[in-house]
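Below is one structure, written out as structure tokens; comments come after it.
We name chains A, B, ... by the order of the sequence lines, and we start the count at 1 in each one. These figures come from a predicted structure and were not determined experimentally.
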Amino acid sequence: MIDVRLLRSDPEGVRASLARRGAPLLLQQIDEATAFDAGLRDISAERDSLRSSINELSKQVAGLRRDGQDAEAEQAMTTSRSLGDTERVLQAEFDRVNAQLRDALLSIPNFPHVDAPDGAGDHDNPVVKGPIGLASHFPDHQRVPHWDTATELGILDNERATKISGAMFTMQRGLGATLSRALCQFALDQNADAFEEIRPPSLVTTATLTATGHLPKFADEAYAIERDDLWTIPTAEVPLTSLHAGEILDEAVLPVRLMAYTPCYRREAGAAGRDTRGMLRSHEFDKVEILAISTPEQAPTLLQELVARAESLMVQLELPYRIIEICTGDMGASHHRSFDIEVYAPGCDAWLEVSSVSWFTDYQARRADIRFKRTGQKGTEIAHTLNGSALAVPRVWAAIMENHRQADGSVRIPDVLRPYMRGATEIRPR
RNA sequence: GGAACGGUGGCAGAGCGGCCUAAUGCACUUGUCUUGAAAACAAGAGGGUUAAUAGCCCCGGGGGUUCAAAUCCCCCCUGUUCCGCCA
């Protein structure tokens, strides 16, 4: 949620910044929000002066009663009663306009960073680094999609996953299952120097899912457990962001750095049949997320750090990758600036998004009410949040299957993963 | 799942319709004193809204009763203890 005060102090700046997202309806929403805000301030001023009178009269009643001046007390009560009637009407009006303002504000996206590239859609996202480690030519044995090779190796059994749970679920077996877990453990270990490991709940309340911006807009994307009014998390970003919701943090503890492995659940509504083969897209997958809550000043450096950390994992896994920056027309609503890391999979002949790192400024923190107090200063400020996938397991898993496939059909385990694979150096047919 | 009792300022804890603009203690900040600290004494100290040090709002959350609610009523959330069930 953007700061409503900016609508008042710098309406032109707000319009200019959001216009870069290329959504014409937005400007109208801004006007509506501005009008609601102005109306709300008039109403609350009038309501508050009434309340002031009522409070004053109530004190008088107490005094008059003590002094035994019952007739005067009755009169004050009558006056106060009629003021109360008007106050109630104004309050109802306040509630109504306030709800309208909130709805309007919730649908207004975040401001893009001044340096974020302009563009209309994902085809305009510039490559800002790489490709790195990309061979000019891939031999035939690497040009086989992982859904064929992994199934043949007996480490991917999507047919039975579908039997158990329906379409778009995956199941890894044997060293394939071990590899998934190894990737998680590897990603956690690589970031344990600076991030506290959390094992958060995977089921969260409506309020928690709203704080990150996933509700109300993306309700169709999450699994709802209606009987208990809970939702499955689409990413660890959800519980981690709300870890400090409603709290006022001391500046000294910032940046708060958290990381978590969690399963991620996504309905993928509307995505059926698209990029769904093998491990490319599924309703449930594993991911290690890294996240920071910071001051505004700390955020730019942290953004670079999160990208560098995700990138480092791809280097160590010996996978060809590139980094793209998300343009204004493709950016998520809550994002201020975003970078994706993509890994090349020669079998699919596709760049697979394996990490997305974003800076949200105060957009999420305002919804989640995460504030901080500067040392020695009065008042509070809204914190900034940033997060990124350290490693999204399935697509990295797929990329390993295809990039590290050897001429004899076996798959070489990258050195860094071997300690997590009970010493296995390759995956051979059983 | 059942029962009982709770949720008040950083912490502990009083208040149970109107001098509550929430006592008291501890912790905290500043000042006096001191070479410095401790102690003592004095003062101060929450969050939100607003142009505002005006007013208004915040005693788990929401609703209600009342001229007036931390205080009474209803619903919800949550904690502790006991019982039941259970990996």
Open item on the list: Pick the closest RNA chain B nucleotide for A/Asp37 and for A/Asp95 by heavy atoms, then say which residue is nearer the 5' end.
Closed with: A/Asp37

Open item on the list: For A/Phe169, give me all partners under ring-ring contact (aromatic ring centres under 6.0 Å, His included), at least two apart in sequence or on another chain.
Closed with: A/His283

TODO: Keeping the roles fixed (side chain from A/Ser282, backbone from A/Glu284), state whether a donor-acceptor pair exists under 3.5 Å.
DONE: yes

Open item on the list: Please give the distance between the C1' atoms of B/C26 and B/G64 as a whole number of Å.
Closed with: 39 Å

TODO: List in chain and number order the residues that pass side chain to side chain contact (heavy atoms under 4.5 Å, CB included) with A/Glu305, two or more places apart in sequence or in another chain; answer none if no residue qualifies.
DONE: A/Phe195, A/Arg257, A/Leu302, A/Arg309

- [ ] Specify the residue among A/Ala62 and A/Glu381 whose closest nucleotide of RNA chain B lies further upstream toward the 5′ end.
- [x] A/Ala62

Open item on the list: Would you measure the distance from the P atom in B/G1 across to the matching atom in B/A68 and give it in whole Å?
Closed with: 38 Å

TODO: Using salt bridge (charged side-chain N to carboxylate O under 4.0 Å, His left out) as the criterion, list what pairs up with A/Arg160, not counting sequence neighbours.
DONE: A/Asp157

Task: Selection residues 235-252 of chain A - residue pairs positive for side chain to side chain donor-acceptor pair (under 3.5 Å), sequence neighbours left out - done: A/Thr235-A/Lys287, A/Glu237-A/Gln364, A/His244-A/Glu247, A/Glu251-A/Thr375

Task: Which residues share a salt bridge (charged side-chain N to carboxylate O under 4.0 Å, His left out) with A/Glu152, sequence neighbours left out - done: none

Task: B/U21 versus B/U78 - spacing of their P atoms, nearest Å - done: 33 Å

Task: Gap in Å between the two C1' atoms, one belonging to B/U8 and one to B/U71, rounded - done: 11 Å

TODO: Report the secondary structure of RNA chain B in dot-bracket form, marking unpaired bases with a dot and bases paired to a different strand with |, and treating Watson-Crick or G-U pairs with both distances under 3.5 Å as paired.
DONE: ((((((((.[[[..)..(.....]]].(((((.......))))).((((.....)))).[[[[[..)....]]]]])))))))....

Open item on the list: Need one value for A/Ser58: base, sugar-phosphate or nothing, where a base atom within 4.0 Å counts as base even if backbone is also close, heavy atoms only.
Closed with: base

Task: Partner set under salt bridge (charged side-chain N to carboxylate O under 4.0 Å, His left out) for A/Glu426, not counting sequence neighbours - done: A/Arg428

Open item on the list: Suppose you measure atom C1' in B/G10 against the same atom in B/A4; what distance do you get, rounded to whole Å?
Closed with: 31 Å

- [ ] Quote, to the nearest angstrom, the C1' distance that separates B/C58 from B/A69.
- [x] 14 Å

TODO: Could you tell me whether A/Arg88 contacts a base, only the sugar-phosphate backbone, or nothing, with contacts defined as non-hydrogen atoms closer than 4.0 Å?
DONE: nothing

Task: Range on RNA chain B touched by chain A, heavy atoms, distance below 4.0 Å - done: B/G18 to B/A68

- [ ] Please name all residues satisfying salt bridge (charged side-chain N to carboxylate O under 4.0 Å, His left out) with A/Asp369, sequence neighbours left out, ordered by chain then number.
- [x] A/Arg371

- [ ] Could you give the distance separating B/G7 and B/A42 at their P atoms, to the nearest angstrom?
- [x] 32 Å

Task: Separation between the C1' atoms of B/C20 and B/U24, rounded to whole Å - done: 14 Å

Open item on the list: Heavy atoms only, 4.0 Å cut-off, all strands: where does A/Ser49 land among base, sugar-phosphate and nothing?
Closed with: nothing

Task: Carboxylate-amine/guanidinium contact A/Lys59 A/Glu56, below 4.0 Å - done: no

